[in-house]
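So the structure is just underneath, and the comments pick up after that.
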2 protein chains.
Amino acid sequence: MTALTEGLQDYLEAILLCERENRFVRTKHLAERLGVKSPSAHAAVKELTRLKLVEHESYGHIELTPEGRREAESVYSKHKVLYHFFAETLGMPPKLAEDTACGIEHHLNDKTTGKITKLLDFIERKTKEDPGFAAELKRALSDE
Amino acid sequence: MTALTEGLQDYLEAILLCERENRFVRTKHLAERLGVKSPSAHAAVKELTRLKLVEHESYGHIELTPEGRREAESVYSKHKVLYHFFAETLGMPPKLAEDTACGIEHHLNDKTTGKITKLLDFIERKTKEDPGFAAELKRALSDE
DNA sequence: TAAAAATATTAGTTTAACCTAATTGTAGGC
DNA sequence: GCCTACAATTAGGTTAAACTAATATTTTTA
């Protein structure tokens, strides 16, 4: 096991998302997305390269290895579940839901994420099937 | 605002809990509880002293200031809500629920914690009132 | 009470993040 | 083809957290 730090997980996730938006990924993109300066992003990419999670030739663009992609997708899938939980289920504002998901995503293992997913699916199903339930839940969560 | 690091929040929480178990708190207790060596705990306590969140005379015991206690209790209350969520609601094993709560507690603001609490209360109430609901939920969460 | 054991503290090192400032490389416009 | 602007990299410094090893203090016990 690699015991990837939270920081490096964030970089992997950022690479995955930049890839989708930009067709290729550069130091600058990561720095912007993560709110750090380029030398910081550069150092992180260097370490990810050492760990064989990305490939990066000097002054070129950055690519995930299969292993890096697996890792990145694992983090991102947790992110999505959490975002859904905070934004949709709990009705928190998008920005806060996003930031909270970011902070937490590194601390869930797959089992836990699975459980949360099941709970969300259950709540969603009940909400669709039973308008009474939906109303009750909404009322219970409101800040009256 | 003090912008307390996660690490220091952990120490405050540990002081609060040691207090309840031991009548007084020493460097050694914190180190044991947090799984670090005494010099690390010592350094943390020194920093907390500088921040006026604890009082600590050399070779003596460690006490929370009112401000430190408020902070410690805020962290611990989040911990409890999360533990309840993972262990009771999701049915995860105690140790895992505990560890997960520890990792996450620093990333929730009061609003978010409030929302989660409301959701848990709602689920608990429904579960008590309606055996059918309880069974459905249990089934939805099972790893069949 | 003096020696031994336990605990606390200090000193100095390491690692992972970040930063700024300085340098090197690349690519487009003239 | 050269110059400029932008981007990437390197160099060197900071902070928070941990560690080990060494020293100091307190407590226990013989």
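All chains are named by letter (A, B, ...) in the order of the sequence lines, taking the proteins before the strands, and each is independently numbered beginning at 1. Computation of the quantities below employed the complete heavy-atom set of this structure, encompassing side-chain atoms and omitting hydrogens, waters and symmetry-equivalent molecules.
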Practice task
Apply salt bridge (Lys or Arg N to Asp or Glu O under 4.0 Å) to the pair B/E67 and B/R70, showing each step before the final yes or no.
Solution key: CA-CA 5 Å; B/E67 163 103 32; B/R70 264 205 312 104; 3.5 Å; yes
Exercise for the section: Sequence neighbours left out, what passes side-chain contact (heavy atoms from CB on, under 4.5 Å) with B/E55? Give chain and number order. Expected result: B/T65
To the nearest angstrom, how far is [X] atom [atom1] from [N] atom [atom2]?
{"X": "B/H106", "N": "D/dA17", "atom1": "NE2", "atom2": "C1'", "result": "14 Å"}
{"X": "A/N22", "N": "D/dA7", "atom1": "CG", "atom2": "P", "result": "13 Å"}
{"X": "B/E47", "N": "C/dT9", "atom1": "CD", "atom2": "P", "result": "15 Å"}
{"X": "A/L8", "N": "C/dA16", "atom1": "CG", "atom2": "C1'", "result": "9 Å"}
{"X": "A/H29", "N": "D/dA7", "atom1": "NE2", "atom2": "C1'", "result": "10 Å"}
{"X": "B/E6", "N": "D/dA18", "atom1": "CD", "atom2": "C1'", "result": "15 Å"}
{"X": "A/E57", "N": "C/dG25", "atom1": "CD", "atom2": "P", "result": "15 Å"}
{"X": "B/L51", "N": "D/dA16", "atom1": "CG", "atom2": "P", "result": "10 Å"}

Can you give me every donor-acceptor pair (side chain of residues 80-88 of chain B, partner residue at least two apart or in another chain, under 3.5 Å) with its distance?
residue	atom	partner	partner atom	Å
B/H84	NE2	B/E124	OE1	3.4

Problem - Under 3.5 Å: donor-acceptor pair, side chain of B/D130, backbone of B/F133 - result: yes
Exercise for the section: Could you pull out all residues at least two apart from A/F24 that satisfy ring-ring contact (aromatic ring centres under 6.0 Å, His included)? Expected result: A/H61
Can you pull every protein N or O that's under 3.5 Å from an N or O on nucleotides 26-28 of chain D?
none

Fill in the blank from the handout: Per nearest nucleotide of DNA chain C, the residue lying toward the 5' end, A/A44 or B/K28, is B/K28
Exercise for the section: Name every residue in residues 35-43 of chain A that has at least one heavy atom under 4.0 Å from any atom of DNA chain D, in order of residue number, or write none if there are no such residues. Expected result: A/S38, A/P39, A/H42
Handout entry: side-chain hydrogen bond (donor to acceptor under 3.5 Å, both in side chains) partners of residues 32-45 of chain B, not counting sequence neighbours, each pair once
Key = B/E21-B/R33
Exercise for the section: Select base, sugar-phosphate, or nothing to describe what A/H61 touches, counting heavy atoms under 4.0 Å on all strands. Expected result: nothing
Problem - Under-4.0 Å salt bridge between A/R125 and B/E136 - result: yes
Exercise for the section: Could you tell me whether the side chains of B/D99 and A/H107 share a donor-acceptor contact shorter than 3.5 Å? Expected result: no
Handout entry: Residue that, paired with B/K78, satisfies side-chain hydrogen bond (donor to acceptor under 3.5 Å, both in side chains) out of B/T113, B/N109, B/D110
Key = B/D110
